[in-house]
Amino acid sequence: MRYRAIVSWTFAASTALLGGCSKAPEEALAERIGMFGKYCTDCHNDAELAGGMSLEHAKPADVAAHPERFEQVVRRLRGSVMPPPGEPRPDPKDANALVAALEANLDQAAAARGAAPGRVALHRLNRAEYETAVRDLLGVDVDARKLLPGDQTSDGFDNVAEVLRVTPTYLDQYIAAARDISLRAVGNPAAKPQRADYVASNKNHTVHVDGLPLGTRDGLAVEHYFPSDGEYVFNLNVNTESGAELRAYPHGWLEFEHTVILTIDGMKVFEGKLGGEQDLRDLDHFQIVTVNAIKDRFRNIRLPVKAGYREVAATFVARDPAESDYHLQGFVPGEGIPDVPQMRGFDVVGPYEPSGIEATRSRELIFTCRPATPADEVPCAEQILGRLARLAFRRPVTETEIERLLAFYRSGSEHGGFESGVQKGLLAILSSTNFLYRGEPGGAPPGVKPGEVYPITDLELASRLAFFLWSQGPDDELLKLAEANQLHDPKIYEAQARRMLADARAESLVTNFAFQWLTVRSLDMIEPDPKLYPSYDADLKRAFVTEMRLFLDSVLLDDKRSVVDLLNAPYTFVNERLARHYGIPGVLGDQFRRVELDDAKRWGLFGKGSVLMATSYPDRTSPVLRGAWIMEHVLGVPPTPPPADVVTNLAPAELEAPKSVRERLAAHRTKPSCNHCHGVIDPLGQALENYDAIGEWRVRERDTGVAVDTTGRLASGQAVSSPVDLRAAISSEPDKFVQTITQNLMTFALGRRIEAYDMPAVRAIVRDAKTQGYTFESIAIGVANSAPFRMRTAPEIAPGDTIAAEQDAPRAPVGTEAGGR
């Protein structure tokens, strides 16, 4: 069998790591297992059971018998966490030999047992996948954050099946979302006027906002749904400092003329002015009457708009910096300059005098046929709903499922005609668990017993591959191959994987996988103290995210680059704002461009502002946060959380003289039990202390004024004193970093946490990737070809237990009564 060959190759490759000698794994381990007694059993003995583990009587045979325990030992040895700092340590060459022997024995035992792919629980679409599925199916852009409950995360990712549970309350929200989306997609030619309010969230109202036209300041852009052709009324909320209403006094905001514009799909549809000499004179004469007249300029703006989703933006035309918007004013750190008109938001009301619906993208995707006579309506509806259901369910639909959908259609058409019936059928599709859950009907093949391993079908493999590489369902090409049962052909399958990696949709591996792995998404929850970091603003945060996206793109989606370049790449992507922050000269304008870095301190991930800010507190840096981040996300050895009764706040107490970071960190290491972790964590983070909480380079600490001290010694004994030293130390053993990427990528691909029985497959992928230059493509294809990805373990079902069987049970729409909700 192919899968047996995969596991056997894993073992063969492992034995090759034992120095190329002819020794069997058991013999090699027997020569080195005595190192446990010399270096480990002071803590890991039968009496103390440190970490719940004893190695006092460990024998070579125990490794195969207890893979969970010894995979943990391997992980901690590879991360230099065992033995702890301050304790006698083996020579690095001997430690690496022990790790190789342990891994070879673990892989040999796994090969003897056969593939153990595990099993994924019921796997609901997360919000990002739901958004993409709706957009691809219907051409409707939705914000799932507003429609659906939040997704929980596990093991760093929001697509882990175990935490994507559904409660009855959740079902109500999914049905409500399906109703709203189906109505928007089909449209309503006789829609009644409705109001939608949009509020801007800008804090600095003097700068350009991403997504708005160049040469503008402040404002907001939103995607608004216009249900039918007609006239709509726009009301712009133009306010002054702190959101106060336009007022007569003080009136510094009227000193100069300001221009407001409203655009729809990038086209200017309205322009209004406020301020200047005439307004200032009128305000002096007529007071509140003038204020109300100015407000009315931006109210009741009535415009004709075609149906569909349109981008609506309201903003100010930016004045030339040489003109200035103010008399000489003092700059308030972190708060900008006051008394400038602000765009606080707008509302849209309509439609008035609806005139039907012209062609929209959604209607083009839905109505692929039109009934010429009443007799043609049901066959046309069957064609429409059958095609949409096939795409939504990611597999062919059965006659029973078509009949259910037609029942919904008939209920809707009886009351509202053909289009209303199609909308009801679409509601049923979007409410169906076949759409909301990843997977396919049908259980294990006949003859497969509980606990046995079997390959998943081509249809489920297509779905799993597409959600892995694109975070969405399979396209038509992949689905047709799966329907023809051709994906099990290794050449066809690998060709599809490479095609998909080269597709623009593989960008999701950056924005979904890598952003979560590297915790870039956490920037949304961090707001540095504006009084301590006055140069920080929303433009800088956006620049951090864009820089990281472009940088990750350049490495992960280039089939010739090694993923180790993430640590060492001597270039980055900046615009003028970010270049100024990094001290890079000669970069002008908002457009990002690649720049070669002369300063090695900014190379790779450790020099990126997004990483440095995500691993800091709002008011200070934290070597502990940064060191723990490196351990977990770079070295793959998450540190043990501190005990509940340990004080972790290192901020200086009130009225206490500030202490240097090194003095505060010393408090962690006063107890040997604390030093076991902090002796590993702290030196990693201390090497990055020249970067402040927003990633600016510094040579002195802000609160003490003392010179930043970055010197330290890693747990391996290697001295480091800068980001350059740290990067060199980690890059010297690239397989550790590559294995961390592989474990995280497999977690993301499978939608479950990695278990001890998965590690032989992980190591095989890493070794194969090494022969191909550690490219991300080789790792991704290795994951897609692995037994955990392509196989499944049949569930063990206890008497009366139906939960395990539900994974493969045929699924009906959530609303089972046609014409019900």
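Positions are given from 1, in the same order as the sequence printed here. Just so it is clear, the model here is predicted, and its values are computed rather than measured.
For Glu755 and Arg752, the salt-bridge test fails: no basic side-chain N is under 4.0 Å from an acidic carboxylate O. Salt-bridge formation is not detected for the pair Arg753/Asp758: no Lys NZ or Arg NE/NH1/NH2 atom is positioned less than 4.0 Å from an Asp or Glu carboxylate oxygen. By the 4.0 Å N-to-carboxylate-O rule, Arg498 lies close enough to Glu494 to be salt-bridged with it. Between Glu399 and Arg404, none of the side-chain N atoms (NZ, or NE/NH1/NH2) sits under 4.0 Å from a carboxylate O, so this pair counts as no salt bridge. Ion pairing between a basic and an acidic side chain is recognised when a charged N comes within 4.0 Å of a carboxylate O; Glu382 and Arg387 show no such pairing. In this structure, Arg124 pairs ionically with Asp151, as a charged nitrogen and a carboxylate oxygen lie closer than 4.0 Å. Ion pairing between a basic and an acidic side chain is recognised when a charged N comes within 4.0 Å of a carboxylate O; Arg438 and Glu129 show such pairing. A salt bridge between Asp503 and Arg505 is present, with a side-chain N of the basic residue lying under 4.0 Å from a carboxylate O of the acidic one.
Panel note: side chain Glu131, backbone Asp141; no donor-acceptor pair is recorded below 3.5 Å. Between the side chain of Arg179 and the backbone N or O of Ala177 there is no donor-acceptor pair closer than 3.5 Å. Side-chain atoms of Asn159 come within 3.5 Å of backbone atoms of Phe748 as a donor-acceptor pair (strictly under, hydrogens ignored). Without hydrogens or angle criteria, Ser463 side chain to Leu459 main chain gives no donor-acceptor distance under 3.5 Å. Side-chain atoms of Arg394 never come within 3.5 Å of backbone atoms of Leu391 as a donor-acceptor pair (strictly under, hydrogens ignored). No donor-acceptor distance shorter than 3.5 angstrom exists from the side chain of Arg792 to the backbone of Tyr454, with no hydrogens or angles considered. Within the 3.5 Å criterion, the main-chain N or O of Phe515 finds no donor-acceptor partner in the side chain of Arg549. In this structure, Tyr170 contributes its side chain and Leu148 its backbone to no donor-acceptor pair below 3.5 Å. Looking only at distances, no side-chain donor or acceptor of Ser420 sits under 3.5 Å from a matching main-chain atom of Gly417. A donor-acceptor pair is defined here as one N or O able to donate and one able to accept, closer than 3.5 Å; no such pair exists between the side chain of Ser413 and the backbone of Gly421.
With contacts defined as side-chain heavy-atom distances shorter than 4.5 Å, the pair Pro795/Arg119 qualifies. Residues Trp517 and Thr747 have side chains not in contact (no heavy-atom distance under 4.5 Å, counting atoms from C-beta outward). Between Val199 and Arg344 the shortest side-chain heavy-atom distance does not fall below 4.5 Å. Looking at heavy atoms from C-beta onward, Val312 lies out of side-chain contact with Tyr198 at the 4.5 angstrom threshold. Looking only at side-chain heavy atoms (C-beta outward), Asn744 and Phe157 come within less than 4.5 Å of each other. A 4.5 Å side-chain heavy-atom check between Ser432 and Leu436 finds every atom pair outside the cut-off. Side-chain contact check for Gln173 versus Pro149: some heavy-atom pair is nearer than 4.5 Å. Here the side chains of Met343 and Asn237 are not in contact, with every heavy-atom distance at 4.5 Å or above.
Counting heavy atoms of neighbouring residues, nucleotides and ligands inside a 6.0 Å radius, atom CD of Gln152 does not exceed 12 of them. Counted within 6.0 Å of CZ on Arg361, heavy atoms from surrounding residues, nucleotides or ligands total 12 or fewer; the atom is thus considered open. When the shell of 6.0 Å around CZ of Arg499 is examined, it contains more than 12 heavy atoms from other residues, nucleotides or ligands. The environment of Gln194 atom CD is sparse: at most 12 non-hydrogen atoms of other residues, nucleotides or ligands sit within 6.0 angstrom. The number of heavy-atom neighbours closer than 6.0 Å to CZ of Arg542, taken from other residues, nucleotides and ligands shown, is above 12.
For Tyr232 and Phe226, the gap between ring centers is short of 6.0 Å. Between Phe789 and Phe468, the distance from one ring center to the other falls under 6.0 angstrom. A centroid separation of 6.0 Å or more is found between the aromatic rings of Phe234 and Phe346. Taking the six-membered ring wherever Trp is involved, the centroid distance between the rings of His123 and Phe467 does not fall below 6.0 Å.
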If you apply the rule salt bridge (Lys or Arg N to Asp or Glu O under 4.0 Å), what do you find for Glu419 with Arg370, and how did you get there? CA-CA 10 Å; Glu419 290 195 1; Arg370 284 288 181 180; 3.0 Å; yes
Could you walk me through whether Glu271 and Lys268 pass the salt bridge (Lys or Arg N to Asp or Glu O under 4.0 Å) test, one step at a time? CA-CA 8 Å; Glu271 178 180 307; Lys268 184 171 70 174; 2.7 Å; yes
Give the intermediate values and the outcome of salt bridge (Lys or Arg N to Asp or Glu O under 4.0 Å) for residues Glu414 and Lys424. CA-CA 11 Å; Glu414 288 173 3; Lys424 288 292 186 183; over 6 Å; no
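Ile429 contributes atom CD1, which lies 7.0 Å from atom CG of Leu137 (distance to the nearest 0.5 angstrom). Taking OG1 from Thr433 and CG from Leu122, the interatomic distance works out to 9.0 Å, rounded to the nearest 0.5 Å. For the atom pair CG (Leu487) and CZ (Arg790), the distance works out to 8.0 Å, reported to the nearest 0.5 Å. Here Leu509 contributes atom CG and Asp553 contributes atom CG; the two are 10.0 Å apart, rounded to the nearest 0.5 Å. In this structure, CG in Leu171 is found 6.0 Å from CD1 in Ile175, a value given to the nearest 0.5 Å. The structure places CD1 of Ile181 at 5.5 Å from CG of Leu147, a figure rounded to the nearest 0.5 Å.
The shortest non-hydrogen separation linking Ile366 to Ala185 is CD1-CB, 3.6 Å. Closest of all the heavy-atom pairs between Met791 and Val453 is CE-CG1, 3.0 Å. The shortest heavy-atom contact between Asp136 and Leu365 is O-CD1, 4.4 Å. Summarising the geometry of Val209 relative to Gly219, their closest heavy-atom pair is CG2-O, 4.0 Å, with the distance given to 0.1 Å. Summarising the geometry of Ala794 relative to Val448, their closest heavy-atom pair is CB-CG1, 3.9 Å, with the distance given to 0.1 Å. The minimum heavy-atom distance linking Ala314 with Leu262 is given by the pair CB-CD1, 4.2 Å.
In this structure, Arg390 forms no cation-pi arrangement with Phe393, as its terminal cationic atom is not both closer than 6.0 Å to the ring centre and no more than 45° off the ring axis.
Using cut-offs of 30° and 60° on the angle between ring planes, the pair Tyr409 and Phe418 is perpendicular.
With no hydrogens or angles considered, a side-chain donor-acceptor pair links Tyr309 and Arg184 at under 3.5 Å. A donor-acceptor contact closer than 3.5 angstrom links the side chains of Thr373 and Asp376. For the residue pair Asn434 / Arg395, a side-chain donor-acceptor distance below 3.5 Å is found, with atom types taken as modelled. Asn235 and Asp347 are linked by a side-chain donor-acceptor pair at a separation below 3.5 angstrom, with hydrogens and angles left out of the test. In this structure, a donor-acceptor pair under 3.5 Å is absent between the side chains of Gln486 and Asp458. Judged by distance alone, the side chains of Asn512 and Ser471 do bring a donor and an acceptor atom under 3.5 Å apart. When only modelled atom types and interatomic distance are considered, Thr400 and Glu403 share no side-chain donor-acceptor pair under 3.5 Å.
Legend: residues meeting salt bridge (Lys or Arg N to Asp or Glu O under 4.0 Å) with Arg302, ordered by chain and number and at least two apart, are Glu231.
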